[in-house]
Structure formats: C-alpha cells, structure tokens
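Each remark here refers to the structure printed beneath this line.
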Amino acid sequence: QKTFIETEVCGPFDVSLFSLFLLEDDVDLEALVNDMNSSLESLYSSCSGQPIESTPLLPNGQPALSSPSTDSPQAVLRRSQPMHILAVRRLQEQEQQLRTSSLPAIPNPFPELCSPASSPVLSPGSLPPGEPSIVKIFSEDGMGKVVEIPADMTAKDLCQFLVYKSHCVDDNTWALVEHHPLLGLERCLEDHELVVHVQASMNSESRFLFRKNYAKYEFFRNPLTFFPEHMVAWCQETNHTIPQSQLLQNFLATSSCPEIQGHLYMKEVGRKSWKKVYMFLRRSGLYCSTKGTSKEPRHLQLLADLEDSNIFTVITGKKHHGAPTDFGFCIKPNKGRGEMKELRMLCAEDEQSRTCWMTAFRLFKYGIILYQNYKIPQQQKTLLSHFSTPVRSVSENSLVAMDFSGNIGRVIENPLEAQSAAMEEGYAWRKRSQRMNILGSHSPLHHSSLNSVIHMTQLWFHGRITREESHRIIHQQGQVDGLFLLRVSQSNPKAFVLTLCHHQKIKHFQILPCEDDGQVFFSLDDGTTKFTDLIQLVEFYQLNRGVLPCKLKHPCTVVAL
C-alpha cells in the first residue's frame, strides 16, 4: 500500500514550496516529518542568524496550536512571513559588481531609464590591471587592424608583431605613430614606451599609425647633421673643436650640461599672434629669455618641463594654427586633455633647426635609454648573422664557372672573368625579357610590355601621386639622406620623376624615355646613361651616385595592414 502526503513549507524568500513524497507503508511518517522540520529549522537559523522556535506536529500531520509567550511577542516567528536575509543580498550585489567590472567600456543604450549616478557606464580605468587591451592600428592607406595586446607590450614589440603579420622586412625602421587629426599633431613613440599607457592619454579621435621612420636613430650615425654648431652653446665656447663622438657623449651623459639655443616663433596663449623669442633647451626644461638673448636667471622664464611633456610635429601649422613657417612643433603635457590652451606651439625658421630642437628634446628626456634602444637591435642582428649564414654543401663547393661560347666548354679559373660572365649573363637575361609582352604586342612602346610595368611591383614606386603628396611622404618617413621614391610625371605622361631627399631638402629629377635602334630606354642624364627598365635604373644609382647628389639608400615604403 502506497501513501501520499503533501506538505507546505514557507521558505525565507516568501515562496511556497510544495513537495510530494512517495513513501512505503512501513516508514515511520511522524519521524520522517519531524526530521524534515529540524532540517528546515537549521537552514533558517543559519541564513538569518536568529533562533527559530519549532512547532510540534500532531499524529495527523497538522501543526499543534500554541499560544505565544507574553514576555517576548516576537519570539515566535510565523512561517508564513518572509525572512529578509541581508547577507545573501550583499553577496549577490558583490558578485554583480565583480561581473560588471570585468566588462569593457560599454555606454548605456537607454540613459533615460537610469539616473546619471546609477547609469551603468564603465570607464577604461575601471578595468583590472594586467588585462589585455584592444588597440586599432591604421596604415598609410587608411585601413585599420584591431590587435589585442597585453598591458606590458612596448611600441617596439607591437611593431615587430605588425611586421610579422604584414610579411615586411624587419630593418628596425618601423615606428608606431601617435596621431591627433583634430590638433594636427603626431609623434613617433619611443621603443620602450608602453602602448597601453599612451592609449590611456589619447582622445577618442586620436589613432595609432604604422609607418616607416628612417630618422628615428639617424642622429647616432651622423650627429653633426642634426646638431649645427651655431645652435649648441658649448660648441661655440670651445671654438668648434669638439669631435663628433664627444658631441653625443655630452648629450647622453648626466654630468655634462649641453644646451640648445636659438630664435623660435612662439604662439601666445589665448591669442592668434606669434612672437619671435630667444629660447634655451636644457635638461631641466625649455626656457625663453624676456630680455633679448640674456641667460641670466632673472631673465629666464620656464615654458615647459621635459619630464611631464612630449614633443609633437605640427603637420598643419599654417592651416590650423596660423604659423609663420611650415616647420612647427608642439610641446604637449602628458596628463592634459588635448585642449589648445594646454599646448605650447613653437615654430622654427627651417627644417634643420626644427629637427635639432626635437632631437635634443628626446635626448634630454630619455638620455641613455635612447642609445640602448638603438644598440640592442643591432647587437641582436650581429649575433643572429653568425647563425643565419648558410653553410654550403660539398656538392656546391665542387661547382665551377663554365664557358660554353666555343665548340668545347671550358672551366673559368679566373675569379674576375667568372664574375664578369655572371654579370653579362644577367644583362642578357634582362635584354631578352624586355622584349616579352604581356598581351602579345610586339611594339616596344606599348604599355603592356614588361619593361613598362615591371616597376609597378616595387615598394619605392608610388604611381600617380602629386608633388605635394611626395613631399608629405618624404617628411613622414624621416628626411634622411638617400630617402627616395619614384612616381609618374604629371607634366609628361611617358616620363617618371625621382624624388630624393638630401641634406633635409627634397629634390626632383625627371626620368625621360629615349629610343635607340627601336628599343626604349630610361635615362636621368639626357641619354648618357641608359637603362632598359626602372628597376635597373634604381639598382644602378643605389651603387653609384652618378648625377645625383647622393646614392639611393632608403625607399619610401607604404604597407597595407
């Protein structure tokens, strides 16, 4: 015989629970119900922290009636009343806070439903330390790539990661650029700077750019070009007898006190006018003289502190700020909100002066850290070169140069003759390949011929860009000697233009086509030196200066992420 019993229990959350038990007929029903009652009492007491008075049951399962005590009217707690457990609610609130604190900054889509104080908007600073961050990197063509980086990733590490993902050549000339389009400012991050820290100080419209920068450490190789003697104070005091090595040592050493001096245009705070002032750049900061060129302490006024500021290049000085020249730069505080009144706008007379001020600012601020950033990749490259040198096998060592021009082949024993034969074979291959046409045209002047399109695959060829656009690209990638690019001429559709940087000045050389015996050549010197295609022309001037002021060294490269 089966017996069914239905019990009603009011829990601590004011919810009626119904349980249906299927019991055997030999089970002690009263003992089972009392056991259940004691279990519920222990549960209530553990949650509420208050003792609960038990109610005995009658043999028919109904609770026995008992009168409450007159001494304590609240001693008996009715089971039908809800029990408020504050500890459980606090625990649930803490779990909810922990769950929301790990979320990214998501704005409230319905702000009208919440008060400003309770609006669930999380700031980036509320993220727990050590969590990876999301960074979007843009390339020169405007395309972006979203990258998840750890909190301790430096700008150098991120550049190496992007080089690996983009299948570029890692020549230690790639840089991460902090770009502010509304202010018209940008700067290259130092290799040791943490990307997450820099991103925290950027505005919503600011972005990171990935591009080449050949001038990042060029002042270590040729410091005299970056520091003219008339701008370095102690060079004039020693009658220009300081060697080049001592020049850098004085900048890097903490004991010596080099000083950069010269006239600069300064934009007055709260005004649109510019004022020409004599300034001094020291390790302690940037000063201006209130009385001519006087260096007396009572005539010096501190304009900016190097420790809490960064120096930026002004890319749109005349348009946005009314600068007197195109060689503007700016000192921006790290903790500033990017407002115009917080910026110290400056302008130099020429490109060499601007480069000197900005390079000295970096050296005074970071010192020996910059030199370590410059030397460590070179030491790693030297160390890897000993292991990456390919070892020739025995069969390769047994190979010799052969001459099959006669009836019987002979071994070329003279090394010079073997090298000359290899160069002649390479020239003959180019001569044969330039006759090949992609679309089967036999005319050498047809645009589909191989010699007219083979240069389009090269990184230094930028197609139909304007003269101003070529200047912008040269400026962005460093303005070092030998920086070059090739573009299509705007005045002559059949010609090309070589844009070259020398002594921080940009020069243009026209490459004209010339015909000889029905074959088209390209020349920079009116036909004196002729080349079958532009690749051969570039390779020649990378080895020989010729009519150019310097050799071609660094191609302007634009890589899509």
Side-chain angles (χ1 to χ4, degrees), residues 138 140 142 175 177-188 202-203 205-207 209 211-215 226 228 231 260 262-279 281 286 288 303-304 309-333 336-362 462 465-480 483 485 487 490 497 499-508 556 558:
F138 292 86
E140 295 291 339
V177 180
E178 178 185 353
H179 180 67
H180 300 270
L182 296 183
L183 300 176
L185 308 177
E186 66 180 23
R187 76 174 181 99
C188 290
M202 295 170 60
N203 298 329
E205 73 276 358
S206 305
R207 57 177 59 182
L209 303 178
R211 71 159 69 117
K212 282 274 190 178
N213 184 17
Y214 292 100
F226 286 79
M231 295 185 64
I260 302 298
H263 283 93
L264 286 174
Y265 293 97
M266 179 182 66
K267 187 176 182 180
E268 300 184 28
V269 179
R271 299 182 181 179
K272 296 183 179 180
S273 59
W274 292 73
K275 182 180 179 181
K276 193 172 184 179
V277 187
Y278 199 76
M279 296 192 179
L281 182 61
L286 178 66
C288 70
L303 296 180
S309 304
N310 283 316
I311 193 164
F312 287 78
T313 302
V314 180
I315 55 180
T316 55
K318 287 187 175 181
K319 181 179 179 181
H320 288 174
H321 310 286
T325 66
D326 293 325
F327 313 105
F329 60 98
C330 167
I331 298 179
K332 177 180 176 294
R337 293 176 294 178
E339 298 181 359
M340 195 61 64
K341 62 182 181 180
E342 300 174 347
L343 306 179
R344 184 63 67 179
M345 306 296 298
L346 304 169
C347 194
E349 293 282 356
D350 51 20
E351 181 62 36
Q352 188 181 27
S353 300
R354 177 173 70 171
T355 305
C356 179
W357 287 101
M358 298 184 66
T359 306
F361 187 98
R362 295 172 56 201
H462 290 251
I465 62 174
T466 61
R467 187 186 185 97
E468 292 75 16
E469 186 71 12
S470 65
H471 281 222
R472 184 187 64 84
I473 297 175
I474 293 288
H475 276 287
Q476 288 179 348
Q477 301 199 10
Q479 287 187 275
V480 297
L483 184 62
L485 62 86
R487 57 186 176 89
Q490 292 180 303
V497 177
T499 303
L500 177 65
C501 182
H502 179 63
H503 288 172
Q504 297 182 344
K505 295 182 179 179
I506 302 176
K507 301 179 181 180
H508 303 272
C556 284
V558 177

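With sequence neighbours excluded, no residue forms a salt bridge (Lys or Arg N to Asp or Glu O under 4.0 Å) with Lys275. Shown here are the side-chain hydrogen bond (donor to acceptor under 3.5 Å, both in side chains) partners of Thr355, two or more places apart in sequence or in another chain: Glu351.
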His462 vs Ser470, side-chain contact (heavy atoms from CB on, under 4.5 Å): CA-CA, chis, key distance, verdict: CA-CA 9 Å; His462 290 251; Ser470 65; over 6 Å; no

Intermediate values then yes/no, salt bridge (charged side-chain N to carboxylate O under 4.0 Å, His left out), Lys332 and Glu178: CA-CA 12 Å; Lys332 177 180 176 294; Glu178 178 185 353; 5.1 Å; no

Step-by-step side-chain contact (heavy atoms from CB on, under 4.5 Å) determination, Arg187 to Met358: CA-CA 10 Å; Arg187 76 174 181 99; Met358 298 184 66; over 6 Å; no

Derivation of the side-chain contact (heavy atoms from CB on, under 4.5 Å) call for Glu186 and Arg211: CA-CA 12 Å; Glu186 66 180 23; Arg211 71 159 69 117; 3.2 Å; yes

Criterion side-chain contact (heavy atoms from CB on, under 4.5 Å) on Arg472 and Gln476, from CA distance to verdict: CA-CA 6 Å; Arg472 184 187 64 84; Gln476 288 179 348; 2.7 Å; yes

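Residues Glu342 and Pro333 share a closest heavy-atom pair of O-CD, 3.3 Å. Ala175 and Cys188 get closest at one heavy-atom pair: CB-SG, 4.1 Å. Nearest heavy atoms, Cys556 versus Gln477: CA-OE1, 3.4 Å. When all heavy atoms of Ile331 and Ser309 are compared, the closest pair comes out as CG2-CB, 3.6 Å. Nearest heavy atoms, Leu183 versus His321: O-NE2, 3.1 Å. Heavy-atom minimum distance, Gly184 versus Thr316: CA-OG1, 3.6 Å.
Interatomic distance, CG of Leu182 versus CG of Asn203, reported as 8.0 Å (0.5 Å rounding). If you take SG on Cys288 and CG on Leu303, they are separated by 4.0 Å, rounding to the nearest 0.5 Å. Between the CD atom in Gln352 and the CD atom in Gln479 there is a gap of 11.5 Å [rounded to 0.5 Å]. Note that the NE2 atom of His502 and the CG atom of Leu500 stand 8.0 Å from one another [nearest 0.5 Å]. Here the straight-line distance linking atom CZ of Phe329 with atom CG of Leu185 works out to 12.5 Å at 0.5 Å rounding. Here CD1 of Ile473 is found 13.5 Å from SG of Cys501. Values are rounded to the nearest 0.5 Å.
Within the 6.0 Å centre-distance limit, the rings of Phe312 and His180 are counted as a close aromatic pair.
Residues Ile506 and His475 are in side-chain contact: their nearest non-hydrogen atoms beyond the backbone lie under 4.5 Å apart. Residues Trp357 and Leu286 have side chains in contact (heavy-atom distance under 4.5 Å, counting atoms from C-beta outward). Inter-residue side-chain proximity for Leu346 and Met279 is flagged as met; some heavy-atom pair is nearer than 4.5 Å.
Stacking of Arg354 on the aromatic ring of Phe327 is not recorded, the 6.0 Å distance cut-off and the 45° axial limit not both being met.
Between His471 and His508, the angle of the ring planes stays under 30°, which puts this pair in the parallel group of the 30/60° scheme.
Here the rule is side chain to side chain contact (heavy atoms under 4.5 Å, CB included) with Met266, and of Met345, Arg344, Lys276 only Arg344 fits it.
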